[in-house]
S.K.: 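Got a structure for you, questions after.
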Amino acid sequence: MSDHQARVRFAPSPTGYLHVGGARTALFNWLYARSQKGVFVLRIEDTDQERSTEESTEAILRGMRWLGLDWDEGPDRGGDHGPYRQSERLEIYREALEQLKASGRVYRCFCSEEDLERRAAAVVDAGGHWEGYDGHCRSLSEEQIAAFEAEGRPAAWRLRTPDEGSTFWYDIVVGKREFQNDVITDRVVFKADGFPTYNFAVVVDDHRMGMTHVLRGDDHVSNTPLQLLIYEAMGWKPPKFGHMPMILGPDRKRLSKRHGAVSVEEFASQGIIPQAMVNYLALLGWSIGASGDEVLTIDQLVAKFSLKKVNSSPAAFDYDKLEHINSQHLKRMDADEKLALLLPILDDHGWRYDPAWQVAGVEEQEGYAARLIALLGGRFSSLQALPGQLEFFFTDDHAVDRQAWDDTMGDETVRQRVTALADALERQLASDGPASAADFEAVVRGLAEAEGLKAGDLIHPARVALTGQSRSAGMFEVMEMLGAPRVLARLRRAAA
RNA sequence: GUCCCCUUGGUCUAGUGGUUAGGACACCGCCCUUUCACGGCGGCAGCACGGGUUCGAGUCCCGUAGGGGACGCCA
């Protein structure tokens, strides 16, 4: 392990589920680590005692695993820089605070929340703008401090920030970023409750964990100058920073629940597969370049990933495109992968192959499922659509498109044709044993010719009669998969 | 309100001073076909605006407008 090895992290706070914004941040860090043969660390930022929950931590880990983003160091895995939950690192933060105290870069602030609110209100009443902490406790006398302490008044520690000059850094994504120091107020670094604030814990951890790059959402930009000042106060060399653009909803407002799914697990339940989610997220705010297929596996993404290609402007989340990427991944999967996806779906619905159907060349459930997949071909493009596409293969009590049914079967002539087709099939197919698609086709086309009809005049009614739908896979193959007994029964039922 | 950032078709984007401004999603049309989907072909549609710099600007500079973000003893 050399000093040059890239070390990056994803540091979620466990106050909810893994949402797309977090997933994208995690993904980019992960892609960077993997593409650089570096290390990806997962750290749980749970210093907020009120809001952090174990269920949330679990949900986030689940989301990460589902996406296939594995971490080299983290809670549950360990590593040389642990522990990986901030709540277990209190001693480390306290030591760091001691260092800050010794250097005189922090001071005690005895202001209560009410004090702060009152002063802020006063400023506003006077027609001004409260621009953050006013430095009230910055130069308390020894006596005052002693008095407050004697009272047992809780105190927080604030960082003394410079009033002049500027703090800047060269952002990996947008280039130079600069903030005037006078807009950076003396922020609390250690809360009165004995916990470090986010900005302090982050700096201590990123340094102690050897992070070389910090890639995070653009909503963290304004934290960066403060963090830089903390690095400086601690005498530490800061990592490189990169701020990635926000993900917006279709209406260009910050992406939220009202736009639709936002948690990774919600997408999963809507039939989005992880490779598609990863692929789409990677495309959002990043580009593989001028041309080429956008449908990429996670390995291809690793191979092509470059921080230089990360965009600087916010991008709107496009559910349609995600759906498209999803369908492309689904279609490109090999038969075994599709089977692994389909089998559980069939189980969920309680759909089992029945030998009485007499389907040519099929003996059991798996064989039947494999044949259905072949039959679906390019229609295997949506996990959500699958049940609707397959229901009629497993039960006679399947959904029926009422409109299509009435339009078709409402016609006396059509019903006669359906009956004629049933008669022909009964007559011409071997009385027992399975019939192939070719067998069905021969009968249908033969009847059409004999009756002076177009094949479609028989095929379309048959489709409605057999599937209840006006659209389906190839009719003769559908017949084969249904098996002659059921084909006959459904044709008779429809013509009745 | 203050500070910061962003701006190529409806959406994601390529583009790094000289291009008929390219691709993808969506949409429309045609072809394929037993329907639908897939696939193939074609189409609609874009450099926010105004000033500069330059022989020449989507590309550089300034401003305006629009959008986003941050202003916590939350993370």
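These numbers come from a predicted model, not from an experiment. Below, read A as the first sequence line, B as the second, and so on, with proteins coming before strands; counting in each chain starts at 1.
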S.K.: Considering only B:A75, B:C25, B:U34, which nucleotide approaches the side chain of A:R463 most closely?
M.R.: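 Ranking B:A75, B:C25, B:U34 by closest atom to the A:R463 side chain puts B:U34 first.
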
S.K.: How many whole angstroms separate atom OH of A:Y133 from atom C1' of B:C71?
M.R.: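 Result: 17 Å.
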
S.K.: Side chain of A:R177, heavy atoms from C-beta onward: which of B:A24, B:C74, B:C5 has the nearest atom to it?
M.R.: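 Out of B:A24, B:C74, B:C5, the nucleotide with an atom closest to A:R177's side chain is B:C5.
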
S.K.: Answer with base, sugar-phosphate or nothing: what part of the nucleic acid does A:T47 contact at a heavy-atom distance below 4.0 Å?
M.R.: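 Result for A:T47 = sugar-phosphate.
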
S.K.: What residues, two or more places apart in sequence or in another chain, satisfy side chain to side chain contact (heavy atoms under 4.5 Å, CB included) together with A:N223?
M.R.: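 Once residues adjacent in sequence are excluded, the partners of A:N223 under the side chain to side chain contact (heavy atoms under 4.5 Å, CB included) criterion are A:Y198, A:N199, A:H220, A:Q227.
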
S.K.: Are the aromatic ring centres of A:F241 and A:Y170 under 6.0 angstrom apart?
M.R.: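 Centroid distance A:F241-A:Y170: not below 6.0 Å, so no.
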
S.K.: Partner of B:C71 by Watson-Crick or G-U wobble geometry, both contacts under 3.5 Å, or none?
M.R.: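 The answer is B:G1, by the H-bond criterion.
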
S.K.: Charged N to carboxylate O under 4.0 angstrom, A:R138 versus A:D163?
M.R.: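 So A:R138 pairs with A:D163 through a salt bridge.
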
S.K.: Please state the P separation for the pair B:C12 and B:G68 - nearest whole angstrom.
M.R.: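 It comes out at 13 Å once rounded to the nearest Å.
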
S.K.: Is the closest basic N to carboxylate O distance between A:R119 and A:E117 below 4.0 Å?
M.R.: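 Judged by the 4.0 Å cut-off on N to carboxylate O distance, A:R119 and A:E117 do not form a salt bridge.
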
S.K.: For the C1' atoms, the ones on B:U33 and on B:A26, what distance do you get once it is rounded to whole angstrom?
M.R.: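 Pairwise C1' distance, B:U33 against B:A26, rounds to 24 Å.
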
S.K.: Tell me the interatomic distance from A:L283, atom CG, to B:A26, atom P, rounded to whole angstroms.
M.R.: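 Roughly 14 Å, once rounded to whole Å.
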
S.K.: Does any nucleotide pair with B:A65 by Watson-Crick or G-U wobble geometry, both distances under 3.5 Å, and what is it?
M.R.: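 Across all strands, the one nucleotide that pairs with B:A65 is B:U7.
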
S.K.: I'd like a table of donor-acceptor pairs (distance under 3.5 Å, sequence neighbours excluded) in which one partner is a side-chain atom from residues 373-384 of chain A, with atom names and distances.
M.R.:
| from | atom 1 | to | atom 2 | distance (Å) |
| --- | --- | --- | --- | --- |
| A:R379 | NH1 | A:L376 | O | 3.4 |
| A:S382 | OG | A:Q384 | N | 3.3 |
| A:S382 | OG | A:A385 | N | 3.1 |

S.K.: Assign A:A192 to base, sugar-phosphate, or nothing according to its heavy-atom contacts below 4.0 angstrom with the strands shown.
M.R.: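 Here A:A192 touches the bases of the nucleic acid.
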
S.K.: Output the residues of residues 466-475 of chain A in contact with RNA chain B, where contact means a heavy atom of the residue under 4.0 Å from an atom of the strand; sort by number or write none.
M.R.: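 Correct list: A:S470, A:R471, A:S472, A:A473, A:G474, A:M475.
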
S.K.: Return the nearest nucleotide to the side chain of A:A316; candidates are B:A70, B:C25, B:U11.
M.R.: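 Nearest to the side-chain atoms of A:A316, counting from C-beta on, is B:U11.
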
S.K.: Within less than 4.0 Å of OP1 or OP2 of B:A75, is there a side-chain N or O belonging to A:K191?
M.R.: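 A:K191 to B:A75 OP1/OP2: side-chain N or O found under 4.0 Å.
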
S.K.: Does A:R158 qualify as a cation-pi partner of A:Y133, given the criterion of NZ or CZ under 6.0 Å from the six-membered ring centre and within 45 degrees of its axis?
M.R.: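 Ring-cation test returns yes.
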
S.K.: Which one, B:G69, B:U13, B:G15, comes nearest to the side chain of A:K309?
M.R.: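 Of all the options, the side chain of A:K309 is nearest to B:G15.
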
S.K.: B:G9 and B:A14: how far apart are their P atoms, nearest whole angstrom?
M.R.: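 13 Å, rounded to whole Å.
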
S.K.: Categorize A:R51 for me: base, sugar-phosphate, or nothing, with a 4.0 angstrom heavy-atom threshold over every strand shown.
M.R.: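 Base contact.
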
S.K.: Base, sugar-phosphate, or nothing: which does A:R379 touch, judged by heavy atoms less than 4.0 Å apart?
M.R.: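 Base, at least one base heavy atom under 4.0 Å.
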
S.K.: Heavy atoms under 4.0 Å, any strand shown: does A:F195 hit a base, just sugar-phosphate, or nothing?
M.R.: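 Since no nucleic acid heavy atom lies under 4.0 Å of A:F195, the category is nothing.
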
S.K.: Using the C1' atom in both, what is the distance from B:A48 to B:A75, to the nearest Å?
M.R.: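 Their C1' atoms lie roughly 35 Å apart.
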
S.K.: In this structure, how many angstroms lie between the P atom of B:A75 and the CG atom of A:N199, rounded?
M.R.: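 To the nearest whole Å, that distance equals 9 Å.
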
S.K.: Please work out if A:K253 contacts a base, only the sugar-phosphate, or nothing of the nucleic acid, heavy-atom cut-off 4.0 Å.
M.R.: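 Contact class for A:K253: sugar-phosphate only.
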
S.K.: In terms of side-chain heavy atoms of A:V221, which of B:C25, B:C4, B:C73 is nearest?
M.R.: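 Selected nucleotide: B:C4.
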
S.K.: Considering only B:C12, B:A26, B:A75, which nucleotide approaches the side chain of A:H324 most closely?
M.R.: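 Of the candidates, B:A26 comes closest.
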
S.K.: When you check the phosphate oxygens OP1 and OP2 of B:C12, does a side-chain N or O of A:S287 lie under 4.0 Å from one of them?
M.R.: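 A:S287 to B:C12 OP1/OP2: no side-chain N or O under 4.0 Å.
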
S.K.: Can you tell me how far the OG atom of A:S166 sits from the CD atom of A:E178, to the nearest 0.5 Å?
M.R.: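 The distance works out to 3.5 Å.
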
S.K.: When the P atoms of B:G22 and B:A70 are compared, how many Å lie between them, rounded to an integer?
M.R.: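 Result for the P pair: 37 Å, nearest Å.
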
S.K.: Below the 4.0 Å mark, does B:A37 have OP1 or OP2 next to a side-chain nitrogen or oxygen of A:K331?
M.R.: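 No, outside the criterion.
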
S.K.: Classify the side chain of A:N223 versus the base of B:A75 as yes if they form a donor-acceptor pair under 3.5 Å and no if they do not.
M.R.: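 Such a pair is found, so the answer is yes.
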
S.K.: Does A:Y280 have A:K321 sitting over its ring (NZ/CZ under 6.0 Å from centre, angle to axis within 45°)?
M.R.: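 The answer is no; the distance or angle limit is not met.
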
S.K.: Give a yes/no answer on whether the side chain of A:R158 brings an N or O atom under 4.0 Å of OP1 or OP2 in B:C73.
M.R.: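 For B:C73, OP1 or OP2 has a side-chain N or O of A:R158 closer than 4.0 Å.
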
S.K.: What does B:G42 pair with, Watson-Crick or G-U, if both distances are under 3.5 Å?
M.R.: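 When the pairing criteria are applied, B:C28 turns out to be the nucleotide that pairs with B:G42.
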
S.K.: In whole angstrom, give me the gap between the P atoms of B:U7 and B:C47.
M.R.: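 One P to the other, the span is 16 Å.
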
S.K.: Centres of the A:F28 and A:F305 rings: under 6.0 Å?
M.R.: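 Yes.
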
S.K.: It should be established whether A:Q328 places a side-chain nitrogen or oxygen under 4.0 Å from OP1 or OP2 of nucleotide B:G39.
M.R.: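 For B:G39, OP1 or OP2 has a side-chain N or O of A:Q328 closer than 4.0 Å.
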
S.K.: Rounded to whole angstrom, note down the C1' distance from B:C55 over to B:G10.
M.R.: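 About 38 Å, rounded to a whole number of Å.
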
S.K.: Rounded to whole angstrom units, what separation is found between the CG atom of A:L248 and the P atom of B:U13?
M.R.: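 Value for this atom pair: 10 Å.
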
S.K.: State whether A:R371 and A:E477 are salt-bridged, where the test is any N-O pair (Lys NZ or Arg NE/NH1/NH2 against Asp/Glu carboxylate O) under 4.0 Å.
M.R.: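 No salt bridge links A:R371 with A:E477.
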
S.K.: I want to verify a distance call: between B:C3, B:A26, B:U11, whose nearest atom is closest to the A:D320 side chain?
M.R.: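 The answer is B:A26, which lies nearest to the side chain.
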
S.K.: From NZ of A:K321 over to P of B:G23, roughly how many Å is that when rounded to an integer?
M.R.: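 In whole Å, B:G23 P and A:K321 NZ are 13 Å from each other.
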
S.K.: Can you tell me the base-pairing partner of B:C60? Count Watson-Crick or G-U wobble geometry only, both distances below 3.5 Å, and say none if there is no partner.
M.R.: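 The base-pairing partner of B:C60, which may sit in any strand shown, is B:G52.
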
S.K.: In whole Å, what separates the C1' atom of B:C44 from that of B:C25?
M.R.: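 Comparing C1' positions in B:C44 and B:C25 gives a spacing of 15 Å.
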
S.K.: What is the distance from CD of A:E294 to P of B:G23, rounded to the nearest Å?
M.R.: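 The answer, rounded to whole Å, is 12 Å.
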
S.K.: May I ask you to check whether A:F110 and A:F148 place their ring centres under 6.0 Å from each other?
M.R.: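 Yes - the distance between ring centres of A:F148 and A:F110 falls below the 6.0 Å cut-off.
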
S.K.: Hey, is the side chain of A:R108 poking within less than 4.0 Å of OP1 or OP2 on B:C73, counting only N and O atoms?
M.R.: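 Indeed not, no polar side-chain atom of A:R108 lies that close.
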
S.K.: Mapping A:A315 and A:S13 to their closest nucleotides on RNA chain B, which lands nearer the 5' end?
M.R.: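 So the residue in question is A:A315.
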
S.K.: What is the separation between atom CZ on A:R43 and atom P on B:A75, rounded to the nearest whole Å?
M.R.: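 It works out to 13 Å between those atoms.
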
S.K.: Nearest whole Å is fine: how far is B:A75 C1' from A:L42 CG?
M.R.: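 Spelled out: CG on A:L42 to C1' on B:A75 is 15 Å.
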
S.K.: With a 4.0 Å limit, can you tell me whether A:N311 has a side-chain N or O closer than that to the phosphate oxygens OP1/OP2 of B:A14?
M.R.: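 For A:N311, the contact criterion (side-chain N or O under 4.0 Å from OP1 or OP2 of B:A14) is met.
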
